[in-house]
Amino acid sequence: MTIAEILHQAKAELSARELDLNIAEIIIETRLGLTRSELWMSTSQELSPSEKAQFDSDFSRYINGEPVQYILEVAPFYGRDFYVTASVLIPRPETEELVYAAEKVIENNPNHVHRVLDVCTGSGIIPITLKAIFPSLDVSGSDISTEALEVAEENKKRLQTNVRLIHSDLVDFFQEKGEKFDLILANPPYIADHERAEMSDYVLDHEPDLALFAPNNGLAIYEQLIMNLPGLVDNIFWIGMEIGYTQGESVKKLFEKSFPQAEIIIQQDINGKDRIVICRKGLI
């Protein structure tokens with residue numbers, strides 16, 4: 001079968017199942033290493049038996065509910081492709097907004113931001129992205145999951161960024177070493193267990209619980225982390241955390257308790273929902 005015939009057949013099935021019609025192209029592009037324009041110039045090409053078998057396997061996994069990012073082991077984030085497995089979350093657009101906010105702070109304060117830490121780093125998308133943009137920064141990422149750190153290490157190699165990746169329960173390692181940072185980021189688990197009923201099977205069946213859920217209505221990790229951050233910063237700092245859209249005021253209060261002299265801001269995402277809480281002093 002030619003690529004055109006395969007796409008026609010696959011799209012008919014995707015349409016009947018009300019699934020994303022772009023998936024067939026994405027699978028073929030990724031497996032063959034083609035751009036979208038190269039794909040459309042190759043529609044008369046026939047796939048080899050092994051290529052067709054790979055497509056059939058990938059397509060079957062997708063229509064049976066597995067995220068295409070895990071099938072292909074790749075997901076885009078902030079203009080780069082990252083390696084992902086079921087040991088890490090699939091990157092979300094909301095997290096790009098956290099990186100964008102941090103990027104602007106670094107650009108605005110080149111003489112004050114040198115040491116950056118990303119807590120709950122997962123696949124390493126945040127520290128690796130920032131290190132790629134600002135190679136002179138000293139950037140670290142930490143996670144409690146050794147499986148996630150293995151994914152992050154692979155991304156570090158693939159994207160050729162010299163990021164330090166540390167196995168740590170939140171910031172325990174850095175506290176023990178007496179390390180300080182100018183900018184700290186975190187996208188911790190923040191979904192309350194009772195919210196499972198509202199979530200899709202697509203997420204629940206495939207993405208890691210460890211990276212999604214937290215006790216105390218999703219606030220437990222924020223409570224533990226924020227309480228321990230004052231000792232990790234000097235007098236000038238910027239801290240940004242992604243939050244669930246209902247958690248803005250609760251996380252803001254946690255910051256106010258630990259950093260009474262700092263400015264605390266709740267920032268909304270592109271959809272107008274509370275998405276980032278910023279705690280800053282001396283940096284804008």
Side-chain angles (χ1 to χ4, degrees), residues 88-89 91-102 105 116-127 130 140-145 148-149 152 166-176 179-196 198-199 203 207-233 237-269 271 273-281 283:
V88 298
L89 292 183
R92 265 69 166 179
E94 293 86 352
T95 307
E96 293 194 348
E97 298 192 43
L98 178 61
V99 171
Y100 180 77
V105 173
V116 176
L117 171 63
D118 176 48
V119 187
C120 304
T121 199
S123 58
I125 54 174
I126 292 176
L130 290 176
S140 301
S142 70
D143 207 288
I144 196 171
S145 167
L149 287 172
I166 299 295
H167 180 249
S168 176
D169 185 357
L170 298 178
V171 294
D172 285 359
F173 172 89
F174 308 103
Q175 285 182 300
E176 291 170 5
E179 296 192 26
K180 302 269 189 176
F181 298 92
D182 308 307
L183 187 146
I184 298 176
L185 301 169
N187 179 20
Y190 57 69
I191 301 174
D193 197 64
H194 67 78
E195 294 179 278
R196 285 179 184 269
E198 304 167 18
M199 298 174 66
V203 173
E207 300 201 60
D209 275 14
L210 182 64
L212 290 169
F213 297 99
N216 192 20
N217 291 319
L219 295 170
I221 305 300
Y222 295 113
E223 292 171 339
Q224 183 182 350
L225 177 56
I226 293 170
M227 177 180 64
N228 288 302
L229 289 184
L232 267 66
V233 296
F237 61 86
W238 192 95
I239 302 169
M241 293 190 186
E242 184 174 329
I243 59 166
Y245 71 94
T246 64
Q247 296 171 323
E249 289 299 330
S250 297
V251 175
K252 182 181 179 183
K253 288 177 182 177
L254 293 173
F255 271 118
E256 288 172 342
K257 183 177 179 180
S258 290
F259 295 92
Q261 305 303 317
E263 180 182 14
I264 319 295
I265 300 166
I266 301 173
Q267 183 171 301
Q268 296 182 323
D269 62 21
N271 297 312
K273 294 183 177 180
D274 291 353
R275 186 59 60 190
I276 300 170
V277 175
I278 295 165
C279 174
R280 66 190 188 187
K281 187 176 181 185
L283 298 177

One pair to check against side chain to side chain contact (heavy atoms under 4.5 Å, CB included): Q261 and K281. What are the steps and the verdict?
CA-CA 8 Å; Q261 305 303 317; K281 187 176 181 185; 4.2 Å; yes
With the side chain counted from C-beta on, respond yes when I243 and I276 share a heavy-atom pair under 4.5 Å apart, and no when they do not.
no
Testing the basics here: between F181 and S140, what is the closest heavy-atom pair and its distance to 0.1 Å?
CE2-OG, 4.3 Å
Report yes or no: does Q247 contribute a side-chain atom to a donor-acceptor pair with the main-chain N or O of Y190 at less than 3.5 Å?
yes
Charged N-O contact under 4.0 Å between D209 and R196
yes
Any non-hydrogen side-chain atom of F173 less than 4.5 Å from a side-chain atom of S142?
no
Between V251 and I266, is any pair of side-chain heavy atoms under 4.5 Å apart?
no
If the condition is side-chain hydrogen bond (donor to acceptor under 3.5 Å, both in side chains), which residues does T121 pass it with, not counting sequence neighbours?
D118
Test of understanding: with side chain to side chain contact (heavy atoms under 4.5 Å, CB included), list the residues that count as partners of A186, not counting sequence neighbours.
V119, P188, L225, M241
Indicate every side-chain donor-acceptor pair of residues 214-222 with a distance under 3.5 Å to a residue at least two apart or in another chain.
| residue | atom | partner | partner atom | Å |
| --- | --- | --- | --- | --- |
| N216 | ND2 | E223 | OE1 | 3.2 |
| N216 | ND2 | E223 | OE2 | 2.6 |
| Y222 | OH | E242 | O | 2.6 |

Working to the nearest 0.5 Å, report the span between CG of L98 and CG of N187.
7.0 Å
Does any part of the side chain of I191, heavy atoms only, come nearer than 4.5 Å to the side chain of M199, both counted from C-beta?
yes
Is it the case that atom OH in Y245 sees more than 12 heavy atoms from other parts of the structure closer than 6.0 Å?
no
Give the C-alpha distance, both sets of side-chain angles, the deciding distance and a yes or no for side chain to side chain contact (heavy atoms under 4.5 Å, CB included) between L229 and I239.
CA-CA 9 Å; L229 289 184; I239 302 169; 4.0 Å; yes
Output all residues satisfying ring pair (Phe, Tyr, Trp, His ring centres under 6.0 Å) with F255, sequence neighbours left out; order by chain, then residue number.
none
Shortest non-hydrogen pair, E97 vs D269, comes out as OE1-CA, 3.1 Å
Go through the steps to decide whether C120 and L170 satisfy the test side chain to side chain contact (heavy atoms under 4.5 Å, CB included), and finish with yes or no.
CA-CA 7 Å; C120 304; L170 298 178; 3.7 Å; yes
Minimum side-chain heavy-atom gap F237-C279 below 4.5 Å
yes
Sequence neighbours left out, what passes side-chain hydrogen bond (donor to acceptor under 3.5 Å, both in side chains) with E94? Give chain and number order.
none
Short side-chain to backbone donor-acceptor contact, D274 and Q268, under 3.5 Å
no
Heavy-atom side-chain contact between I184 and L232 under 4.5 Å:
yes
Using only atom types and a distance under 3.5 Å, with no angle test, would you say the side chain of H167 pairs donor to acceptor with the backbone of I144?
yes
Just jot down the side chain to side chain contact (heavy atoms under 4.5 Å, CB included) partners of K257, sequence neighbours excluded, or say none.
none
Looking at L210 and S145, what are the two nearest heavy atoms and their distance?
CD2-CB, 3.9 Å
Counting N and O atoms only, with roles assigned by atom type, does the side chain of R275 sit under 3.5 Å from a partner on the main chain of G244, one being a donor and the other an acceptor?
no
Please test E207 against R92 for salt bridge (charged side-chain N to carboxylate O under 4.0 Å, His left out), starting from the C-alpha separation and ending with a verdict.
CA-CA 12 Å; E207 300 201 60; R92 265 69 166 179; 2.8 Å; yes
Stepwise, does the side chain to side chain contact (heavy atoms under 4.5 Å, CB included) test hold for L183 with L117?
CA-CA 6 Å; L183 187 146; L117 171 63; over 6 Å; no
Contact summary for V88 and S123, nearest pair of heavy atoms
CG1-N, 3.8 Å
Backbone of K273 reached by a side-chain donor or acceptor of N271 within 3.5 Å:
no
Hey, does W238 have a side-chain heavy atom less than 4.5 Å from the side chain of D182?
no
Taking side chain as C-beta onward, heavy atoms only, is V171 less than 4.5 Å from E179?
no
Mind checking the CG-CD1 spacing from L254 to I226? Nearest 0.5 Å is all I need.
5.0 Å
